[in-house]
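Per chain, numbering begins at 1; letters A, B, ... match sequence-line order.
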Protein chains: 2
Amino acid sequence: MEEFPPSAVTVDLVVLTITGEQLCVLLVRRGIEPFRGAWALPGGFVLADEDLDTAARRELAEETGLAPGTVHIEQLAGYGDPGRDPRLRVVTIAYLALAPDLPVPQAGTDAAEARWTPVATLDPATLAFDHAKIFTDGLERARAKLEYTPLAAAFCPPEFTVAELRRVYELVWDARLDPRNFHRKVTGAEGLLEPVGTTTTRDGGRPARLYRRGPAELLSPPMLRTRG
Amino acid sequence: MEEFPPSAVTVDLVVLTITGEQLCVLLVRRGIEPFRGAWALPGGFVLADEDLDTAARRELAEETGLAPGTVHIEQLAGYGDPGRDPRLRVVTIAYLALAPDLPVPQAGTDAAEARWTPVATLDPATLAFDHAKIFTDGLERARAKLEYTPLAAAFCPPEFTVAELRRVYELVWDARLDPRNFHRKVTGAEGLLEPVGTTTTRDGGRPARLYRRGPAELLSPPMLRTRG
DNA sequence: CCAATAGTGTCTATGAGACATTATCAG
DNA sequence: CTGATAATGTCTCATAGACACTATTGG
């Protein structure tokens, strides 16, 4: 092993949710230096005996007070530019988490404040460290994954209507989808949705059938996002 | 910052190429403990003032003696299970590299030997550390990326024929594609291929037009791999 | 009744896949 | 010439997208 350059390893989280009519990201206001007072992605050090995924879930729970089962979480990428943290060499493993509409987050240990911020109004350049890039990468990953995975349901409560699922696509992609074609597509896709059997009128109008997520891991054929 | 658990950070590489008629991965035989004598993915420590991408390219150059411009390289994922290295806590950032047919690699500093191994005959379980998982993830990433990116050309020399590009798909996916439909599809895709203007008879039969990679970043609509 | 949304049916353009046909080289 | 592969054309079927229409609730 000889000598090796020592580093700290952290996890950072891009946590996305849909509250009301907006796609939002979880930000914390830093209570300590560096970047004290600035908004940042939640995160923290990986403990000595801890798996990366475990560290990410722990930080998520600390920051949101969330039941682990309700949130989709996946690794995003590693970021390790020298100088990304002014104190010492820190390599961070970023995670992407998608959650249904959540209660207001609670501030964690290092954070003075935690908040859901609409992505439409967020200027990424104001974020601490290199979190602008991590946030942008995470958002793009989420957008891409809606195309070919059933991940949109991760933004919905356990039982949801086709219209609610469509709203997820429309908000994340900032696009309009034809309700009738969307309905035909998702109800026709094998293993995507499982009918619960009951209906709801919470969206107004004719009662809508409720569905749960089905066992499908892949959306085939994919949902098409018209590319520029 | 208080106290933090110190770690070493490495990069490991899944380097794929096509030699003759087989998809191959670059492996090195370890010359030092642990796993001395076992085959492993090439890799090494990230230096103190070095970017992760830079470290990956440096290791690749050391291990293959390759001109940097000819190889596609992208980050794959981070791996950090405690105990994945028996010596100390090591978090590795894995990279995926795709290269055209290459000269025989040269052994690096820590490696006794370097070799191209056909993926069809490789038992991943024999690899050192957790390299079985990294290799499997890298291979699956490469397979998936052929579907929706122009990445297959990374396996080809700068100028190549449609048939050579098709061979890449067939070898990586282990599938057969109709030459006529494939030809129509790739020559019709916007920005994918740029005709050089010359032809070659190196494949026998009627001379085939030579192409270079075009500027397209995305293959739209994607190449379809028939899913199970 | 009317307003609103759910859900179905129909038409059309596009593209994938199967496969015939013609083109152009080496020997 | 033959044998090989390149390149193009044609047909059919599936599906995305546009949009008309019917269904079922609340007010």
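Listed by first and then second residue, the salt bridge (Lys or Arg N to Asp or Glu O under 4.0 Å) pairs that reach into residues 179-199 of chain A are Asp178(A)-Arg180(A), sequence neighbours excluded. The stretch residues 116-127 of chain B participates, sequence neighbours left out, in no salt bridge (Lys or Arg N to Asp or Glu O under 4.0 Å) pair at all.
Arg176(B) has its CZ atom 13 Å from the P atom of dA18(C), to the nearest Å. Between Phe182(A) atom CZ and dG9(C) atom C1' the separation is 20 Å, expressed in whole Å.
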Mind listing the N/O atom pairs, protein and nucleotides 8-15 of chain D, below 3.5 Å?
| residue | atom | partner | partner atom | Å |
| --- | --- | --- | --- | --- |
| dT8(D) | OP1 | Arg209(B) | NH2 | 3.2 |

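Partners of Arg209(B) by salt bridge (Lys or Arg N to Asp or Glu O under 4.0 Å), not counting sequence neighbours: none found. A search for side-chain hydrogen bond (donor to acceptor under 3.5 Å, both in side chains) contacts involving Arg58(A) returns Glu50(A), Glu62(A), not counting sequence neighbours. Every residue two or more places apart in sequence or in another chain that forms a side chain to side chain contact (heavy atoms under 4.5 Å, CB included) with Leu171(A) is listed here: Ile18(A), Arg167(A). Partners of Glu74(B) by side-chain hydrogen bond (donor to acceptor under 3.5 Å, both in side chains), not counting sequence neighbours, listed by chain and number: His72(B), Arg141(B), Lys145(B). Scanning for side-chain hydrogen bond (donor to acceptor under 3.5 Å, both in side chains) contacts around Arg202(B) gives Glu164(B), with sequence neighbours left out. For the side-chain hydrogen bond (donor to acceptor under 3.5 Å, both in side chains) test, no residue two or more places apart in sequence or in another chain qualifies with Thr149(A).
The closest side-chain donor-acceptor pair between Thr161(B) and Asp203(B) falls under 3.5 angstrom.
For residues 189-208 of chain B, proximity to DNA chain D is found at Asp203(B), Gly204(B), Gly205(B), Arg206(B), Pro207(B), Ala208(B), defined as any non-hydrogen atom under 4.0 angstrom from a strand atom. Within a heavy-atom distance below 4.0 Å of DNA chain D, no residue of residues 160-172 of chain A is found.
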Acceptor/donor pairs from residues 128-139 of chain A side chains to any protein atom, 3.5 angstrom cut, sequence neighbours excluded:
| residue | atom | partner | partner atom | Å |
| --- | --- | --- | --- | --- |
| Asp130(A) | OD1 | Arg84(A) | NE | 3.2 |
| Asp130(A) | OD1 | Arg84(A) | NH2 | 2.9 |
| Asp130(A) | OD2 | Arg84(A) | NE | 2.7 |
| His131(A) | ND1 | Leu41(A) | N | 3.0 |
| Lys133(A) | NZ | Asp137(A) | OD1 | 3.3 |
| Lys133(A) | NZ | Asp137(A) | OD2 | 3.3 |
| Thr136(A) | OG1 | Ala132(A) | O | 2.7 |
| Asp137(A) | OD2 | Tyr79(A) | OH | 2.6 |

